[in-house]
2 protein chains.
Amino acid sequence: MSPKAQIPGIAFRKHDHRRCQRQLLSEATQLCAERNLRLTSRRRQVLEILLASHQPMGAYDILAELNRTDPDEQIAPPIVYRALEFLLGEGLIHRIESLNAFISCAQPGHRCGAQFLICRDCDQVAEFEASDDGLLAEAGNLGFAVDHSVVEITGVCAECQKHVG
Amino acid sequence: MSPKAQIPGIAFRKHDHRRCQRQLLSEATQLCAERNLRLTSRRRQVLEILLASHQPMGAYDILAELNRTDPDEQIAPPIVYRALEFLLGEGLIHRIESLNAFISCAQPGHRCGAQFLICRDCDQVAEFEASDDGLLAEAGNLGFAVDHSVVEITGVCAECQKHVG
DNA sequence: CGACATAGTGTTATATTATAACGTAACGAT
DNA sequence: ATCGTTACGTTATAATATAACACTATGTCG
Ligand SMILES: [Zn+2]
Ligand SMILES: [Zn+2]
Ligand SMILES: [Zn+2]
Ligand SMILES: [Zn+2]
């Protein structure tokens, strides 16, 4: 993965991910403490699996990972989905609708609009913060009370455009 | 400037839907003829089911409808999915990712960006043409070659806000 | 026409994603 | 300690989607 300063999203940037990971987990812990919520070990476990990369994972991928690291117990889907539900609710992760997958939030606590660039070549997904969201304003102008917005842009990232063959 | 700030989406407007339906089917027929594509009876059948309303339907809802109107044959999922794939490819219908559902395009042939307002009260979905140019331009500026964009805004429509208790 | 290539359909089975339902355990407050 | 609540574990099943392969319709060319 080469440095691509122009692409937003940490997924596309070279960085000390060890540190990044630790930081995000710490932020999650603090955020839950502030909100008086329980980041239980299951929830933390699922979050950590997602924090291991900046890639989206399917619920069953996460499930497999849980069962791989802990072959004694046989975890079942509802456990994963419940943890995901909690993490989604607190904005610690996002759901990528067009992939049926989940990804750790790059800026937990920012209550950021979740907007994604999805490269169909390298499968990397970058969360990016579109500062000016005219769409929501427009929806608002039309009398629509916006609750949640899904913005997922599929295409080819800058790096992959170079390697076309 | 694009023609926006109209009331979004025909789904939310009172109109002669009989006529609307006929018109859209006719446009689809013509469009396929122009493109030298076969709007076979199966494909037309699926399109007609979606054109019966401006509401999104799951693939299995469509399947059920097929099997209801024609109880002799027992249609299976792949048939529906293949018809949907064709219709999606030609822009005659759209897929709503956050609902796992399909909806007829309000403006076939316009190659319109597919943007949706989804009311979580009345479940109506309005296709609306907004200037998400900002977003796409931003992606473009960042070196990302946009292929397809998903914009789905969930909330409460103007009408439902009045009736809230 | 009749052989052929191709696109579309039908059928079976199965993969993938997600939830219902219900009981148990942990926790937090009286 | 008991009680209400939240989270977890377990089983079963629902809902969504595709793989694989056989068959049929359609158009093309000699
Ligand atoms: Zn990182
Ligand atoms: Zn890429
Ligand atoms: Zn109509
Ligand atoms: Zn509504």
Side-chain angles (χ1 to χ4, degrees), chain A residues 28-29 32-33 35-50 55-67 69-90 92-103 123 150 152, chain B residues 28-29 32-33 35-50 55-67 69-90 92-103 123 150 152:
Chain A
T29 306
C32 286
R35 294 181 189 165
N36 211 23
L37 296 169
R38 299 169 54 202
L39 185 58
T40 63
S41 72
R42 274 278 177 253
R43 289 166 176 174
R44 178 188 302 266
Q45 216 178 350
V46 168
L47 178 58
E48 282 176 340
I49 287 172
L50 282 172
Q55 289 310 111
M57 293 179 77
Y60 279 74
D61 295 334
I62 296 169
L63 181 60
E65 184 61 16
L66 278 175
N67 282 328
T69 57
D70 218 334
D72 295 338
E73 35 185 6
Q74 264 302 330
I75 307 297
I79 292 180
V80 173
Y81 279 101
R82 284 193 288 232
L84 290 171
E85 187 179 23
F86 171 84
L87 297 168
L88 282 170
E90 298 312 317
L92 296 171
I93 65 173
H94 298 292
R95 178 179 163 81
I96 311 284
E97 297 291 347
S98 53
L99 298 177
N100 290 333
F102 304 85
I103 192 170
D123 292 321
V150 171
E152 301 172 6
Chain B
T29 306
C32 285
R35 295 181 188 166
N36 212 23
L37 296 169
R38 297 170 56 203
L39 186 58
T40 62
S41 71
R42 273 281 177 250
R43 290 166 176 175
R44 179 187 303 265
Q45 215 178 349
V46 168
L47 178 58
E48 281 176 341
I49 288 171
L50 282 172
Q55 290 309 109
M57 293 181 77
Y60 279 74
D61 296 334
I62 296 168
L63 182 59
E65 184 60 15
L66 279 175
N67 282 327
T69 56
D70 217 336
D72 294 338
E73 35 184 7
Q74 264 302 330
I75 307 297
I79 291 179
V80 173
Y81 280 101
R82 284 193 289 232
L84 290 171
E85 186 179 23
F86 171 83
L87 298 168
L88 282 170
E90 298 311 317
L92 296 171
I93 65 172
H94 298 292
R95 178 181 163 82
I96 311 284
E97 297 291 346
S98 52
L99 298 177
N100 291 332
F102 304 86
I103 192 170
D123 292 321
V150 170
E152 300 172 8

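Just the heavy atoms: all of them, side chains too, but no hydrogens, waters or symmetry mates, feed the values below.
- Closest to the side chain of B/Ile79, from the set D/dG9, C/dG10, D/dA17, is C/dG10.
- Between the CG atom of A/Asn67 and the P atom of D/dG9 there is a distance of 11 Å, rounded to whole Å.
- With rounding to whole Å, A/Glu97 atom CD is found 20 Å from C/dT16 atom P.
- Rounded to an integer number of Å, the gap from CG of B/Asn36 to C1' of D/dG27 is 11 Å.
- For A/Glu152 (side chain) and A/Leu99 (main-chain N/O), no donor-acceptor pair under 3.5 Å exists by modelled atom type.
- Between A/Thr40 and A/Phe86 the shortest side-chain heavy-atom distance does not fall below 4.5 Å.
- Of the candidates D/dA7, C/dT9, C/dT19, D/dA7 carries the atom nearest the A/Arg43 side chain, counting heavy atoms from C-beta on.
- The interatomic distance linking B/Leu99 (CG) with C/dA18 (C1') rounds to 15 Å, in whole Å.
- Not one side-chain nitrogen or oxygen of B/Arg42 sits closer than 4.0 Å to the OP1 or OP2 atom of C/dA7.
- OP1 or OP2 of C/dA26 has not a single side-chain nitrogen or oxygen of A/Thr40 nearer than 4.0 Å.
- Residues A/Glu97 and B/Val150 are not in side-chain contact: their nearest non-hydrogen atoms beyond the backbone lie 4.5 Å or more apart.
- No N or O donor and acceptor, one from the side chain of A/Tyr60 and one from the base of C/dA15, sit under 3.5 Å apart.
- One atom, CD1 of A/Ile62, and another, P of C/dT17, lie 11 Å apart when rounded to the nearest Å.
- Between the CD atom of B/Glu85 and the P atom of C/dG8 there is a distance of 10 Å, rounded to whole Å.
- The A/Arg38 side chain lies nearest to D/dT6 when the options are C/dA18, D/dT6, D/dC8.
- Between B/Ala76 and A/Gly58, the residue whose closest nucleotide on DNA chain C is further toward the 5' end is B/Ala76.
- Put simply, CG on A/Leu66 is 13 Å from C1' on D/dG9, counting in whole angstrom units.
- Here the side chains of B/Thr29 and B/Arg44 are in contact, with some heavy-atom distance below 4.5 Å.
- Atom CD1 of B/Ile75 and atom P of C/dT11 are 7 Å apart (whole Å).
- Considering only side-chain N and O atoms, B/Arg44 lies nowhere under 4.0 angstrom from the phosphate OP1 or OP2 of C/dG8.
- Listed candidates were C/dA20, C/dG8, C/dA18. Nearest to the side chain of A/Pro78 is C/dA20.
- The 5' end of DNA chain D is approached more closely, in terms of each residue's nearest nucleotide, by A/Leu37 than by the other of A/Asn100 and A/Leu37.
- Across all non-hydrogen atoms, the minimal contact from A/Arg95 to A/Leu88 is N-CD2, 3.5 Å.
- Base contact: B/Arg82 has a heavy atom under 4.0 Å from a base atom.
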